[in-house]
Every structure is written in structure tokens, then in C-alpha cells.
Amino acid sequence: MTAPPELTAYVDAGVISGDDVAAVALLVEIASREPVPPTPDLRAWLALSLALRAPRDGHTCVLLDEIADWAGSIDLTAAGHLDWPTDAELWQQSLATAGPLVGAADSRTPFILDGSRLYLARSLHEEREIARRLTTDDGGIEILLGGPGTGKTTQVARRLIEVYRAAPDTRIALAAPTGKAAARMQEALRNRLHDDHAPDEVRHAAPEVRAAVEAARPVTIHKLLGYRPHGTPRYRFSADNPLRYDLVVVDEASMLSSSLMHHLLAALGAGTRLLLVGDPHQLASVDAGSVLGDIAAATHDPAAPLADRTTTLTVRHRFGPRIGGLADAILAGAPGIQQALEILSGQWTPAADRRANAGTPPTDDATAIRWVQPHTAAFDDLVAEVVAHARGVCELAERGEARAAVDARQQLQVLCAHREGRFGVAGFNALVERRLGVAAGERWYAGRPLMVARNNPALDLFNGDMGVVVPAAESGRSDAAFPVGKGVRLVPVSRLEDVATVHALTIHKSQGSEYAHVIVVLPEQPSRIVTRELLYTGVTRATRRVTIVGSDEVIRAAIARPIRRATGLADRLGVHRPS
């Protein structure tokens, strides 16, 4: 069957894509061989195309009850607008015309209508299996939630020490969704073990126990599961070949997609315990699903199956009350907008909100927060500050002080909401290099801050690893210095395959990192990708200072706009646990 020509208008409106329409057409053609072939009407074509698009937009399903949110640029109030009813029942009636393509929850059809949620069959299977495993596991799965600096690493160190002290031969795996997060996990654990302010049970653990914890090397979850992109099966470890560990600890679990969580749970052996650690308010996975956020939402009800296995840490130790107060105001959404603006404009003091001040170090002062409007003299001064910092890193690198250059780079980081444009990563990087006098086409100048953009296991470098270019001992060559413990590892730049300059980087790429001073640069106009979670993630990368570049309008819009990911997992993890 040929797709209805009316669909072209919906493609032009950006609601669906031509590729999705073509995929639905292929499925309709295949199903036409069935005894009762499908005869989808226009709305059925739209719904099926939306279901195919949903995973690319981070959703595991299409919520027909909230179908107005999926209308894109269609004006639902204008006369003569494109057909887009907001009544879920009308869409369900239309899906009935798709016949053998759409079935109920246990049907063997490519699309599943589960109540008012329309899924791809695979997405529903993964979501149901996640819920089943999480809610029926007998205490083997625990969740540790908390924002930046609330002591999650300390709790993980305590747990590992307890386990190794009780049974030195315990098999433990540490993992994270990305190579950068795994490296950060190892660094944070090592720092905590050597921190004079760590709890006694951490600082005074037996040397052999501390050595065992320090020797545990975190890996990516893909590596843990033996992922083979072109292999069959795709994952070496699965229900048929489970992982042989007693305990698996996963950090930065907010970045877990629904699919990766499904494969991880499926690979756990019968006696394997799992500890998920993360901040549910940070940005979710770039792929479909918001697993940790759904878990946190479900456990708000103390009667939920996971509630008694979830620990939430609330007292911050990383930054002071002004940054903490701003983070809280952002998370509050629309009711917190006024407080956020008062903090940014210097009209708020910690005494005004004791919650933000509880447990934080007394190092915070009025300079911890700065608000800069674009296109002002203050913005020009800020750019000069960024350039001066970059020049200082270059000077350290030119003198061969590799570790000092790496440490200096950590003192200030520009984080942009967008990739392109004057206020995006590309624009800021170009501006800084132009002010530094970097010649066009000059890639490996001393002091260039860079980020690995693709995993390179042969060099033990992973997506997100950051370093600084320094002159090599051999004249005419350059190395990239990557931090390792208190030193650096030098890698010839000729061996680096895919790296990006990071005088500025996206907020997404900064997740899991921390910097002394963070400059969060927002676009000039409100944007659908600038959300509450994005702003919160950017602000909480700081340890001492936050500067936000953006107008009142853009900041208000960001705080008021939460990430909306359509999933059914929170309901399945709730008290009633729909199947």
C-alpha cells in the first residue's frame, strides 16, 4: 500500500520523518499478505510513524493521552490546521485499522498498544523485563541516589571495604555507561581512599582491603557485557551466559538507556547483587529511556517495591549554599524561577533558605554566582577571562609543565547548551583560538585542550577523556597529556584518531565531570533542548564558582521546561505495577 499523500504535510511540519513513513509502508506491504490485510487510515499512519521515531527522541513509547505534545509545529488552534485530534480514543480507533501490525501486550506484532501507550514490540519487551527484574528480585538490587557532592562515592567505598573485609575473594565489577564515567569513578574512589576527611572506616581500613578496592578497575557496561557490534549474539554475557560476579556496582546510572539496562539485568547471575548509583535529576541517556529517573519517581511512594531498597543522599559537600540554592531552585521548576533569579542577581542570602545551607562547607560567598547578560560589556570581560585562562594553560604547556597544564585546565570550563552558533561550542572555540592567535589549520598547538570523541581501546582512551597538547621531548613532535593519578600519560598526537577542541564543550559532554569555575552559556533565544535538567547539570559541574550567560527570558524558559520522556517504567515499578 502506498502511503497517503497527505503525510507529506506532516513531514514538512517536522512531526514525522520521510524515512519513518517509508518504513511503515514496507511493514504495511509485508502485512498485506495476511488473511486480513491492514488498511491503516491517516491517523494510523501518523501514529505508527511516531512510534518508529520515538526511540530517536529518547522515548520508549508514544503517549496517546498526551498526543498534543507530539504535534510539533502544528497549530492545534488555527482553523484549517492539519488533522491532529487530542482525544486518545480517536487515535486508538484509528490504530484498529492497522490490523495485524498492532496488537495487545502479549501479541507477536511489530507494534503494541498497551493501554494508551503505543510501543515498538522490542521496547515494550525490554521495559516489562526491567520492571519484572527490579520488582521481583529478592533484595539483590539496591539503588543509591544523590546529587553531586552528596557522598555517593563515600558510600560506594564503604560498601566495597565492607565486602572485601568480610570476604576477600569476593568477585566485584565496577562499571559505568561511558569510558569517561568509568575513569571518573576510578579517580573518585582513589581520591576518597586517600582523603584525610573520609570516614574512619574508609581511612583506617586494613592495607590489603584498601589495596583491593584501589585495584578494582571500572569498565564501561558495554565492555562488562562483552559487547560485539557485529557479533552474534551482540552481547557475550546474557541470561544464557551470565556474569560471574558477586557484586556489580554501576555509577552514573542516570545515563543508562532502557535497552542497556535490560541487557545488564538479563546478564546478572542468580546470586549477583547489583548497586545502581546516580543522580536522577541529571540528563538521561542519549538513547531511549530514563531508567534512573523512573526508579526515583516510583520510589517516592514508600509502598513501592523498590522503596525499601533505595537510599537517597541529600546533604551536599561539594559546593556552598549559593550554588546549592541555585540547583534546588532549578529543580523546583516554575515555582523556583523567582528564587533562581534572586540568587543570580545577588538578592538572596543563604539564611533565606536553610535547606540549601545544610551540611555545606563555609567557603561560599557572594562571588560564587555570577549572571552575565549577552551582548554587554560584562560579557566581553568574561570572554577576556576565558581567553586569559586558555593562554595560561598554553604557557604552562609550552614550558613542558604537563601536569600543571592539565590541572590548570580543570580550573575553568565553558559549557554550552548548543553545539553551533556564536553562543555554541563551535563559536566559542573559534573565538578563543582567534584571540589566542592560533593560525588557521593549526591543530596541535601547545595548550590545546582536547577531548577524545571515540573509544580507542588500543590506547586505553575512551570517549570523553580529556587532555592537553604539550611539546614532545623529540623536537618537532607533540604529545597529548592525559591525567593519571597525580601524573600524566603522554600519547603522541599522531596516534589520536578522533578528538575535539574543548575550550568549550556541551553540557551533555560534561556530565560526570567537575571544575572549579563553570561558565554555562545559554542560547540567545529559548530552545526546546535547553531544559531544567540541562541547566541543573551545567550548574552542578562547579565546585566553587558558577557564571551563567543568558537572558532572563531564556533562564525562565529553561527552568520551566522539564525533559519529557515517554515511558511506562515508573508505573510498572509503582505500587500497582501494571503488567
Side-chain angles (χ1 to χ4, degrees), residues 1-127 258 287-289 528-529 563-568 571:
M1 177 183 288
T2 304
E6 297 91 333
L7 287 173
T8 302
Y10 294 89
V11 173
D12 292 342
V15 177
I16 56 176
S17 77
D19 289 342
D20 293 328
V21 172
V24 173
L26 178 60
L27 291 170
V28 170
E29 180 181 346
I30 293 171
S32 65
R33 303 161 194 165
E34 297 289 330
V36 181
T39 56
D41 64 15
L42 178 63
R43 279 197 296 271
W45 278 90
L46 286 169
L48 298 182
S49 298
L50 283 175
L52 287 172
R53 174 177 177 163
R56 297 199 304 275
D57 292 337
H59 310 296
T60 63
C61 61
V62 177
L63 297 178
L64 299 181
D65 282 341
E66 300 176 11
I67 196 65
D69 294 340
W70 302 71
S73 62
I74 296 175
D75 185 351
L76 300 182
T77 63
H81 63 69
L82 298 175
D83 181 49
W84 198 275
T86 56
D87 186 344
E89 187 174 344
L90 293 176
W91 290 84
Q92 291 169 323
Q93 291 171 0
S94 287
L95 284 168
T97 67
L101 289 177
V102 182
D106 294 312
S107 303
R108 298 177 64 84
T109 54
F111 300 90
I112 301 292
L113 185 60
D114 185 34
S116 62
R117 297 185 180 102
L118 180 63
Y119 289 87
L120 297 180
R122 184 183 66 181
S123 296
L124 177 61
H125 169 73
E126 291 177 346
E127 189 173 281
S258 183
D287 296 318
R528 67 179 182 82
I529 71 168
I563 289 177
R564 301 196 67 179
R565 290 211 163 177
T567 85
D571 282 349

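When reading the values below, keep in mind they use all heavy atoms of this one structure, side chains included, and skip hydrogens, waters and symmetry mates.
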Verify side chain to side chain contact (heavy atoms under 4.5 Å, CB included) between L27 and F111, making sure each step is shown before the conclusion.
CA-CA 10 Å; L27 291 170; F111 300 90; 3.7 Å; yes

Can a donor-acceptor pair be found, under 3.5 Å and without considering hydrogens, that links the side chain of Y119 to the backbone of H125?
no

What is the distance from atom CG of L95 to atom CG of L90, rounded to the nearest 0.5 Å?
11.0 Å

Determine whether V21 and V24 satisfy the following criterion, side chain to side chain contact (heavy atoms under 4.5 Å, CB included), listing intermediate values before the conclusion.
CA-CA 5 Å; V21 172; V24 173; 5.8 Å; no

Could you please spell out the steps behind the side chain to side chain contact (heavy atoms under 4.5 Å, CB included) verdict for D83 and L46?
CA-CA 10 Å; D83 181 49; L46 286 169; 5.7 Å; no

Backbone N or O of R43 within a donor-acceptor pair of the S94 side chain at under 3.5 Å?
no

For the pair L64 and R117, evaluate side chain to side chain contact (heavy atoms under 4.5 Å, CB included) and give the outcome as yes or no after the intermediate values.
CA-CA 6 Å; L64 299 181; R117 297 185 180 102; over 6 Å; no

Are the side chain of T97 and the backbone of D41 linked by a donor-acceptor contact shorter than 3.5 Å?
yes

Report yes if the side chains of P55 and L120 come closer than 4.5 Å at any heavy-atom pair, otherwise no.
yes

Closest contact, heavy atoms only, A68 versus T86
CB-CG2, 3.8 Å

Return yes if some donor-acceptor pair links the side-chain N/O of H59 with the main-chain N/O of A54 below 3.5 Å, else return no.
no

Is any side-chain heavy atom of V11 less than 4.5 Å from a side-chain heavy atom of D20?
no

Would you say the side-chain atoms of W84 pair up with the backbone N or O of W70, donor to acceptor, closer than 3.5 Å?
no

Donor-acceptor pair, E127 side chain versus T567 backbone, under 3.5 Å?
no

Paired with L124, the side chain to side chain contact (heavy atoms under 4.5 Å, CB included) test is passed by just one of L118, D114, D106, namely D114

Taking only Lys NZ, Arg NE, NH1 and NH2, and the carboxylate oxygens of Asp or Glu, determine whether R56 and D19 approach each other closer than 4.0 Å.
no

Donor-acceptor check, side chain of Q92 to backbone of G115, threshold 3.5 angstrom: yes or no?
yes

May I ask you to test the P100-P38 pair for a side-chain heavy-atom distance under 4.5 Å?
yes

Residues G289 and R565: closest non-hydrogen pair is O-NH1, 2.7 Å

Distance-only, no hydrogens or angles: does the R53 side chain make a donor-acceptor pair with backbone N or O of V15 under 3.5 Å?
yes

Minimum heavy-atom distance between P85 and I67, given as atom pair plus value
O-CG2, 3.4 Å

